[in-house]
Amino acid sequence: SHVWLDGPRNRLAWNTEDAAQISRFGIWILQASASTVFASNIDRIVFGALVPAATLGLYSIALALAMIAETIGGRIVGDVMMPALSEAARSSHDQMRTRLFRLRLPLDVIYLTAAGGLFAVAPDIIRLLYDSRYHGAGQILQILAVSLVFSRYGGLSAAYIALGKPKYHAAVMFVKMIAALLGILIGHSYFGFEGALWGLALHGVCTLPPIFYF
């Protein structure tokens, strides 16, 4: 079929301009992905070394419930925001800006409602789902709920990638990773496990300056 069909002869080729563009874009995506993985798991890595297994078990229960809102928000960012913003970015910057602010509304509703709701009723949820051995997870879930206030800005990373600026996303994820690590260690050194939880819950504050600057 290669010989018989009409048309150009397909063969291996190298386009230097395309290769350079893919490399420039890809290296920042690689760095952003690595920072995201570490930022998302640094808590379990550090807590595994700092706290007893029983406390880590309570934390895992609370984290699983707190991550429900994160999962829903992440699906909106990946399946809705990213394609919509990428399409708008190819048209005009103003159209993308308009679409970005319109798409932020459902994210804000999800994250802020989850943050307030979990903070208010987290102990009741734990008592409903688990016996008295696990009731300590209620306070942990309350503290983790505060982090959802800052998670709503994560959708802006989709805007950076849609604009072809993955290095901004990589920078924000790197700051997030370092802030989470320092927040846990500093909080634990002064106030123990509860201090580490608050350090983790509030580390998103450190990502706001680069997010808004970019």
Side-chain angles (χ1 to χ4, degrees), residues 32-33 35-47 55-85 99-130 134-162 169 172-177 179-181 183-184 187 193-212:
S33 299
S35 297
T36 300
V37 170
F38 279 107
S40 301
N41 295 279
I42 197 71
D43 53 343
R44 279 151 287 185
I45 295 172
V46 177
F47 284 149
T55 303
L56 186 62
L58 295 177
Y59 175 77
S60 298
I61 291 173
L63 181 65
L65 294 173
M67 287 298 294
I68 294 175
E70 289 275 12
T71 301
I72 296 173
R75 293 298 300 269
I76 293 177
V77 171
D79 297 344
V80 179
M81 285 191 73
M82 183 70 73
L85 293 178
R99 188 167 295 183
L100 173 63
F101 281 101
R102 186 186 308 137
L103 290 171
R104 275 192 57 190
L105 178 60
L107 277 184
D108 288 350
V109 170
I110 291 171
Y111 281 118
L112 294 180
T113 301
L118 286 177
F119 191 83
V121 301
D124 297 324
I125 293 175
I126 296 298
R127 281 194 294 267
L128 177 65
L129 297 177
Y130 299 96
Y134 305 100
H135 287 177
Q139 183 183 6
I140 299 174
L141 181 56
Q142 277 185 307
I143 298 175
L144 292 180
V146 177
S147 66
L148 297 176
V149 173
F150 309 104
S151 297
R152 66 194 180 109
Y153 295 106
L156 294 178
S157 295
Y160 306 149
I161 297 175
H169 178 51
V172 171
M173 289 297 101
F174 182 77
V175 170
K176 179 179 177 65
M177 177 184 67
L181 177 61
I184 293 172
F193 179 61
E194 185 173 349
L197 286 175
W198 279 109
L200 177 65
L202 297 175
H203 82 277
V205 173
C206 298
T207 65
L208 297 185
I211 283 175
F212 290 133

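Side-chain atoms are counted along with the backbone in the values below, which use heavy atoms only and exclude waters and symmetry mates. None of these values were measured; they are calculated from a predicted model.
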Query - pair Glu70-Ser151: side-chain heavy atoms closer than 4.5 Å - result: yes

Query - Beyond-backbone contact of Met81 with Leu107, side-chain heavy atoms, under 4.5 angstrom - result: yes

Report summary line: Sorted by chain and number, sequence neighbours left out, ring-ring contact (aromatic ring centres under 6.0 Å, His included) with Phe212 holds for Tyr153

Query raised in the report: Only one of Asp108, Leu202, Val205, Leu112 forms a side chain to side chain contact (heavy atoms under 4.5 Å, CB included) with Val149, so which one is it?
Result: Leu112

Query raised in the report: In Å, rounded to the nearest 0.5 Å, how long is the span from CD1 of Ile126 to CG of Asp124?
Result: 10.0 Å

Query - Arg104 side chain reached by Phe101 side chain, heavy atoms, under 4.5 Å - result: yes

Report task. Report the distance from atom CD1 of Ile68 to atom CD1 of Ile110, rounding to the nearest 0.5 Å. Result -> 12.5 Å

Requested in this report: Flag the pair Tyr59 / Leu197 as yes when at least one side-chain heavy-atom distance between them is below 4.5 Å, and no otherwise.
Outcome: yes

Report summary line: Of all heavy-atom pairs linking Ile61 and Ala137, the shortest is CG2-CB, 4.2 Å

Query - Min side-chain heavy-atom separation Met177-Ile42 under 4.5 Å - result: no

Query raised in the report: Any idea which heavy atoms bring Arg99 and Ala84 closest together, and the distance?
Result: NH1-O, 3.0 Å

Query raised in the report: Distance from Tyr160 atom OH to Leu85 atom CG, nearest 0.5 Å?
Result: 12.0 Å

Query raised in the report: Once you round to the nearest 0.5 Å, how far does NE2 of His203 lie from CZ of Phe150?
Result: 9.5 Å

Report summary line: Heavy-atom closest pair (Gly78 atom, Pro83 atom, distance to 0.1 Å) is O-CD, 3.6 Å

Query raised in the report: Nearest 0.5 Å, what's the CD-CD1 distance between Glu194 and Ile143?
Result: 4.5 Å

Report task. Answer yes or no: is there a donor N or O on one side and an acceptor on the other, between the side chain of Ser147 and the main chain of Leu144, under 3.5 Å? Result -> yes

Requested in this report: Could you give me the CA-CA distance, side-chain angles and deciding distance for Asp43 and Leu63, then say whether side-chain contact (heavy atoms from CB on, under 4.5 Å) is met?
Outcome: CA-CA 10 Å; Asp43 53 343; Leu63 181 65; 3.9 Å; yes

Query - Minimum heavy-atom distance Ile140-Ala62, with the two atoms named - result: CG2-CB, 3.6 Å

Requested in this report: Could you tell me whether the side chain of Arg75 and the main chain of Ile72 form a donor-acceptor pair under 3.5 Å?
Outcome: no

Query raised in the report: Can you find a heavy atom in the side chain of Val146 that is under 4.5 Å from one in the side chain of Trp198?
Result: yes

**Report entry** Shortest non-hydrogen contact between Leu65 and Leu141, atoms and distance
**Finding:** CD1-CD2, 3.9 Å

Query raised in the report: Looking at Cys206 and Pro209, what are the two nearest heavy atoms and their distance?
Result: O-CD, 3.5 Å

Requested in this report: Look up atom CZ in Phe119 and atom CG in Leu148, then write down how far apart they are to the nearest 0.5 Å.
Outcome: 12.0 Å

Query raised in the report: Do Leu56 and Phe193 come close enough that some side-chain heavy atom pair is under 4.5 Å?
Result: no

